[in-house]
There are 2 protein chains.
Amino acid sequence: MLGRLYERENCSAARALELVGERWSLLIIRNAVFAGMTRFSDFERRLGIAPNVLAKRLEGFVAAGLMEERPDGYALTRKGRELGTVIVALTEWGDRWAAPDGPPILFTHDDCGGTVHLTTTCDGCGDAPDIAEIVANPGPGADPDRLPGRAS
Amino acid sequence: MLGRLYERENCSAARALELVGERWSLLIIRNAVFAGMTRFSDFERRLGIAPNVLAKRLEGFVAAGLMEERPDGYALTRKGRELGTVIVALTEWGDRWAAPDGPPILFTHDDCGGTVHLTTTCDGCGDAPDIAEIVANPGPGADPDRLPGRAS
DNA sequence: GGTGAGACTTGCATCACGCAAGTGGAATCG
DNA sequence: CGATTCCACTTGCGTGATGCAAGTCTCACC
């Protein structure tokens with residue numbers, strides 16, 4: 001968890017980054033979600049992360065409800081597991097723009113073995129709008145004094 | 001750009017985090033993508049970010065090809081704009097798990113005004129698999145010595 | 001010319017991360 | 001049973017990152 005929060009931000013992405021925006025956090029979550037990792041020494045060895053940093057991250061995940069401490073390690077909660085979507089989004093972006101040798105990792109559907117991608121879906125017309133066609137608007141929890149910018 | 005890279009990681013998410021994993025980075029990108037922000041002082045004022053940190057971030061984004069410097073400010077490239085998907089993913093996660101007052105921001109389709117969500121799509125069966133049904137496998141750019149974990 | 005705004009730069013203090021060594025407990029082996 | 005190994009951290013310290021405040025330079029406007 002970030003030492004100094006993004007307090008002026010009325011935005012769920014900022015809330016999310018307050019929990020997982022520190023160095024190593026999303027890589028720990030990635031290993032938990034997609035490699036089924038639970039044990040301290042596995043995270044430490046595989047990531048090459050310092051044990052004091054890892055301990056602090058895991059403690060923060062437990063406090064934030066992303067993980068629970070068990071006798072055999074740290075288990076993701078549903079809250080924590082659903083950060084998998086963020087990992088997939090990062091991976092797909094990285095595949096497209098930062099993977100000169102092609103995608104190192106492919107996400108597949110456990111049931112049928114098909115390749116899984118993220119897509120946008122419009123509830124109105126059913127299209128899959130490009131990012132350039134998506135605009136941000138205030139929602140039910142909006143605080144007019146704390147908008148990220150010209151969200152109009 | 002992270003001072004110390006995730007060199008042992010053969011994973012596009014890690015490559016992405018090397019570019020945008022620092023404090024403030026994704027919030028800057030968010031404001032650029034969804035609020036059309038380009039000017040230094042707007043980023044600085046709206047985010048409450050220190051000018052030396054902001055200058056360093058923007059310089060890094062230009063070097064990484066996420067933005068281009070223009071007479072009127074910093075313009076996103078396509079590479080930079082497509083990080084919008086990551087912002088949407090973070091926002092949706094935050095809406096679900098960290099927005100007690102409801103979603104502050106709703107993403108809508110510019111054309112029809114419908115609400116936009118991210119969904120998974122399986123290329124094999126057409127379903128929208130839950131995260132728990134998605135597994136990570138080595139892809140074309142995989143280096144067997146540098147896998148995030150039991151990616152099998 | 002004076003003023004104000006924008007785009008940064010600089011200097012310094014505090015915090016975050018990395019490294020290495022260490023501790024304590026549990027399990028295994030001879 | 002003692003020695004060894006492994007695991008889960010903790011501790012102390014140095015380096016790098018961030019935040020704050022003041023500053024400089026340039027440009028536009030009056």
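Below, chain A is the first sequence line, B the second, and so on; all start at residue 1.
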List, one per line, each side-chain donor-acceptor pair under 3.5 Å for residues 65-75 of chain A, sequence neighbours excluded.
from    : atom 1 : to      : atom 2 : distance (Å)
A:Glu68 : OE1    : A:Arg70 : NH2    : 2.5
A:Glu69 : OE2    : A:Tyr74 : OH     : 3.3

Report all side-chain donor-acceptor pairs from residues 83-95 of chain A shorter than 3.5 Å, counting only partners two or more places apart or in another chain.
from    : atom 1 : to       : atom 2 : distance (Å)
A:Thr91 : OG1    : A:Ile87  : O      : 2.6
A:Glu92 : OE1    : A:Leu118 : N      : 3.3
A:Glu92 : OE2    : A:His117 : ND1    : 3.1
A:Glu92 : OE2    : A:Leu118 : N      : 3.2
A:Trp93 : NE1    : B:Lys79  : O      : 2.8
A:Asp95 : OD1    : B:Ser12  : OG     : 2.5

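Between the CZ atom of B:Arg70 and the P atom of C:dA7 there is a distance of 16 Å, rounded to whole Å. Distance A:Leu54 CG to C:dC19 C1': 15 Å, rounded to the nearest Å. The distance from atom CZ of A:Phe40 to atom C1' of D:dA8 is 6 Å, rounded to the nearest whole Å. Rounded to an integer number of Å, the gap from B:Asp42 CG to C:dA7 C1' is 12 Å. The interatomic distance linking A:Leu47 (CG) with C:dC17 (C1') rounds to 15 Å, in whole Å. Distance A:Ile49 CD1 to D:dT10 P: 14 Å, rounded to the nearest Å. Atom CZ in A:Phe43 sits about 14 Å away from atom C1' in D:dC7, given to the nearest Å. A:Arg46 has its CZ atom 19 Å from the C1' atom of D:dA8, to the nearest Å.
Taking every heavy atom of residues 17-26 of chain A and every atom of DNA chain C, pairs under 4.0 Å involve A:Glu22, A:Arg23, A:Trp24, by number.
Within the 3.5 Å criterion, the main-chain N or O of B:Asp143 finds a donor-acceptor partner in the side chain of B:Asn10. With hydrogens and angles ignored, the 3.5 Å screen pairs a side-chain donor or acceptor of A:Thr120 with a backbone N or O of A:Pro129.
Nearest nucleotide to the B:Val53 side chain, out of D:dC9, D:dG19, C:dG6: D:dG19.
For B:Arg45, the salt bridge (Lys or Arg N to Asp or Glu O under 4.0 Å) partners at least two apart in sequence or on another chain are B:Asp42. Evaluation of the salt bridge (Lys or Arg N to Asp or Glu O under 4.0 Å) rule for B:Glu18 yields B:Arg15 as partners, not counting sequence neighbours. The ring pair (Phe, Tyr, Trp, His ring centres under 6.0 Å) check on A:Phe107 picks up A:Phe34, with sequence neighbours excluded. Residues passing the salt bridge (Lys or Arg N to Asp or Glu O under 4.0 Å) test with A:Arg78 are A:Glu82, B:Asp130, sequence neighbours excluded. Applying the side chain to side chain contact (heavy atoms under 4.5 Å, CB included) criterion to B:Leu106, with sequence neighbours excluded, gives A:Pro140, B:Pro103.
Contacts of A:Glu69 with the nucleic acid, taken as non-hydrogen atoms under 4.0 Å apart, involve only primed sugar atoms and P, OP1 or OP2.
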Reading 5' to 3' through nucleotides 20-30 of chain D, protein heavy-atom contacts under 4.0 Å coded B for base, S for sugar-phosphate only, - for none: B----------

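For the salt bridge (Lys or Arg N to Asp or Glu O under 4.0 Å) condition, no pair includes a residue of residues 118-129 of chain B, sequence neighbours left out. Counting only residues at least two apart or in different chains, side-chain hydrogen bond (donor to acceptor under 3.5 Å, both in side chains) contacts with residues 103-112 of chain A comprise A:Thr108-B:Asn137.
Within the helix from C:dG1-D:dC30 to C:dG30-D:dC1, the inter-axis angle between the opening and closing five-pair segments is 10°, rounded to 10°.
Between A:Tyr74 and D:dC9, a side-chain N or O to OP1/OP2 separation shorter than 4.0 Å is present.
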